[in-house]
Asks: 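This is the structure, below, for whatever I ask next.
Naming convention: chains lettered A, B, ... in sequence-line order (proteins, then strands); numbering from 1 in each chain. Since the model is a prediction, treat every value here as computed from it, not as a measurement.
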Amino acid sequence: MSGFSEDMPFFDEPNARPSAPSGIAARAMAARSGHNNAPDYLKGLNPEQRLAVETTEGPVLVLAGAGTGKTRVLTTRIAHILATGRAFPSQILAVTFTNKAAREMKQRIGLLVGEAVEGMPWLGTFHSIGVKLLRRHAELAGLRSDFTILDTDDVVRLIKQLIQAEGLDDKRWPAKQFAQMIDGWKNKGQGPVDIAEGDARAFANGKGRELYKAYQERLKTLNACDFGDLLCHPIRIFRANPDVLKEYHKRFKYILVDEYQDTNTAQYMWLRLLAQRPQSSPLEGEVPAKRAEGVAAGGTAQSSNASSTAARTPPDRASPGHPPLKGEGNQRHSTVNICCVGDDDQSIYGWRGAEVDNILRFDKDFPGATIIRLERNYRSTAHILGAASHLIAHNEGRFGKTLFTDRDEPEDGKVHVHAAWDSEEEARAVGETIESYQRQQHNLNDMAILVRASFQMREFEDRFVTLGLNYRVIGGPRFYERLEIRDAMAFFRVVAQGADDLAFERIVNVPKRGLGEATIRQIHDTARALRIPMLEAAAKLAESDELKPKPRAALREVSANFERWQKALENTPHTELAETILEESGYTDMWKNDRSVEAPGRLENLKELIRSMEEYESLRSFLEHVALVMDSEQNAELDAVNIMTLHSAKGLEFETVFLPGWEEGLFPHQRALDEGGRSGLEEERRLAYVGLTRAKKNLHLWFVSNRRIHGLWQSTIPSRFLDELPEAHVEVAESGNSYGGYGNSYGGGSFAPGRGGQGGSQGAGRQNPYGASRFDNVGAGNEKSGAFSNSYATPGWQRAQANRTEATDRNWGSRSGHQVERIGYGETDSGYGAGRTSVKGHTIDGELVAKSVADKPSAFSVGDRVFHQKFGNGNISSIEGNKLTIDFDKAGQKRVLDGFVAAV
DNA sequence: GTGTGTGATGTTTTT
DNA sequence: CATCACACAC
């Protein structure tokens, strides 16, 4: 077994013959799995999973629903390929999106095949494999193999320089925006010559294309590339050098792709080049570009639906139709052994270039593909699955899977839907629920709050702080994005790669050495004029007398420092060198002398940085990994509630999940609707689906009737997604919301401002806040358990219904986009005098979306005495459109929308 | 260079 | 409203 790593160099030989592995493989198999015919690793797989593992030849698409054992299939499949001697470890290309996924996969393969996993140099993220390819063939892209990888921050700074150099106003043309445009282009695999004329014109007075070109040239002189290049350069290299591509065709016997629904066009092109062998596609070069056009046009839904029906595998049948190991013995390899695993229903990254279409038309791209569905869910209760499946069924462009489970435990609760008056109450109630779970011996670690937008987190954090409840926020600011880390890295980068001007510029004057803008400009100009890196230019300038004494001395010191460190690079352990650099540059001292509150933390982070360097064998390899690895570890030891966005929850699971903020405008998010139209809505729905399917046992959804958006209170209506949940699996829980003394109605009754007239004054009744206890909640819930329909009959809910009835899901097709004027609750709810906010519904591809718009002058005037349900009585002090500034007797001055107050 | 003031901005995030 | 980035003045 140990032989594997020793044999590695041999494995890595691209020319190793495919028929050779039998001996080693046999050894491997015997070593790890006993001697019977069905190896251990296949045991415990269900029939579909097993089919997905054993169908090694030809293109395979595994549609793996949430919680159906996707990773298990992927890893077992690799183990199977290795154990049966189909390929050497080094002949398998396995790509993931995140480092986390790659790590997990590696670890799990390791459990199955032992050290053979170490021989898998081509297991990694798209980007890390891209780097590897690019380092090998850098010269074909006009780079040296020691190129640096710039992160977004560097890129923006660089572009800013270019915009200024172009004589353009960098305010009118923000560098950040252009960086995003470039990113978008690269996601589509487009270089400066490929971009659409319109796109090129749209930026910088029509100079978009030139700017993009200039950017690429600048990167080349810097011997650097951005993230997008890690994909685009290899694509270009493959296209321009068939012999190179051929080498990889020979090498990669098996290709596996994780989360295929998240691939963007560039990644698709990249995969296609590698997977499509010449004989099967003579035109591969033009295929992707052509296709990219077709993709946008849509119209794939039907075709994929049709094909999916054809290829459909009933969950209870092991589909013997496809004899798995056809290719044994004959090593012709004209078929493409590519296996993509994904779930079209979990595609939630369209906004950053992912093309769901890639997965939807897999069988068009790879004719004769086997499509295997994994629908047996091992994660959630039947209620949760039922709710999720019903919701996602509202989407059109999808393969269509139905998750099922064998679990049928009667004690499993339904999915709970809760209403709250506002986000504060929402946080409070969630906190209470969490505490009650905690009393039932649930670990906080097993609970998660998944929000649509990160601003929602704060309210929960605040609440948990006052409760003294541990929580952890996942996906916050990343370690490597911190100022001090980036500074330190810049030092290291200049040492490792003297031509890294961006890094040099970042730290020439750190700590402050009196090298101001003027000096830096001069260095810059000298460097450009002589076509040398800035570091060299700085050394030259320091020796000339073109500078004033002070900057000259400073510069001399800087360049002497770097010269010394660069020399030390050869013979000093890298962690030691790193420490020396930070010491000698005065960087650590700088923070030691800083008495701001952050300083100690920053020093701590620097220590952590050095510590993490130990895992790498050299400064260079460290820098490379860090450029690609942006995720930071969280301490799992602490028992704490997890708070994160829905996006970052993908792939995770929790016993208990809370999903707050299910309101129109927030979820689905207004902007997704405005910018994405129907597909935007569908992506939001998939996000909802992801959220629901994270839960194993308990699932609580929340919506509030009032939310503060951009500083002012707005009324909200329940998310349409709530309507799309099946009643059979959902239970609307009435939460006690008597806190704060705004009314004795239950959540259901107070959905919206437009509730019964007398409720207003009564609501003001001072109910003792302490009078309410958790038991009230319980009581309320039970008492009103028949309240399911009750709740759905509340004004807010009915309004939501009414707004939607005529534009049902079926009507989407019409791209009419006509505007439907609809007067909101102001007019329809007669009971409430102040409902003057008009709600202007407008259609998005036929789907009605409620939107608050100030299109009517307020009916109030300054000085009016009014009542607000949250803040009580007050006088209007000023009016702007429908926004009122009110001096409340108790609450002080607030700005609220006029729909929220009633004349007294 | 540090500090204050102004103004724009206000989803989701990986690499 | 609240935050952050940037510009300007000391």
Asks: Measure from CD on Q670(A) to C1' on dT12(B) and round the result to the nearest Å.
Replies: 15 Å
Asks: Starting at atom CG of N264(A), determine the distance to atom P of dT13(B), rounded to an integer number of angstrom.
Replies: 18 Å
Asks: Taking side-chain hydrogen bond (donor to acceptor under 3.5 Å, both in side chains) as the test, write out the residues that go with S347(A), two or more places apart.
Replies: none
Asks: Which atoms of nucleotides 3-11 of chain B (N or O only) lie under 3.5 Å from a protein N or O atom, and what are those distances?
Replies:
unit_1: dT11(B); atom_1: O4'; unit_2: H669(A); atom_2: NE2; d: 3.3

Asks: Provide, to the nearest angstrom, the distance between the NE2 atom belonging to H647(A) and the P atom belonging to dT13(B).
Replies: 7 Å
Asks: So, does R458(A) get its side chain near the phosphate of dT3(C), meaning an N or O under 4.0 Å from OP1 or OP2?
Replies: yes
Asks: Not counting sequence neighbours, which residues clear side chain to side chain contact (heavy atoms under 4.5 Å, CB included) with S128(A)? List them please.
Replies: T125(A), L628(A)
Asks: Quick check: on DNA chain B, is the nucleotide nearest N509(A) upstream (toward 5') of the one nearest T125(A), or the reverse? Name the residue that is more 5'.
Replies: N509(A)
Asks: For F126(A) and W270(A): C-alpha separation, side-chain torsions, deciding distance, then whether side chain to side chain contact (heavy atoms under 4.5 Å, CB included) applies.
Replies: CA-CA 9 Å; F126(A) 277 100; W270(A) 187 91; 3.9 Å; yes
Asks: Aromatic rings Y616(A) and F622(A): how do their planes relate, parallel, tilted or perpendicular, breaks at 30° and 60°?
Replies: perpendicular
Asks: How would you list, by chain and number, every residue that makes a side-chain hydrogen bond (donor to acceptor under 3.5 Å, both in side chains) with D345(A), sequence neighbours excluded?
Replies: R398(A), K401(A)
Asks: List the residues meeting side chain to side chain contact (heavy atoms under 4.5 Å, CB included) with N187(A), not counting sequence neighbours, and say none if there are none.
Replies: D183(A), N264(A)
Asks: Mind calculating the distance between NE2 (H127(A)) and C1' (dT13(B)) to the nearest angstrom?
Replies: 12 Å
Asks: Can you list the residues that meet the side chain to side chain contact (heavy atoms under 4.5 Å, CB included) rule with A695(A), with sequence neighbours excluded?
Replies: I384(A), V657(A), L699(A)
Asks: Using a 4.0 Å heavy-atom cut-off, does K650(A) contact any base of the nucleic acid, only the sugar-phosphate backbone, or nothing at all?
Replies: nothing
Asks: Roughly, in whole Å, what's the span from NZ in K550(A) to C1' in dG1(B)?
Replies: 12 Å
Asks: Without decimals, in angstroms, what is the distance between Q177(A) CD and dA5(C) P?
Replies: 17 Å
Asks: Rounded to whole angstrom units, what separation is found between the CZ atom of R103(A) and the P atom of dT15(B)?
Replies: 9 Å
Asks: Under 4.0 Å between any heavy atoms, over every strand shown, what does G228(A) touch: base, sugar-phosphate, or nothing? Just pick one.
Replies: nothing
Asks: Rounded to whole Å, please give me the gap between CG in L134(A) and P in dT15(B).
Replies: 19 Å
Asks: If I pick the P atom on dT11(B) and the same atom on dA2(C), what distance separates them, to the nearest angstrom?
Replies: 15 Å
Asks: Side-chain N or O of K176(A) less than 4.0 angstrom from OP1 or OP2 on dA5(C)?
Replies: no
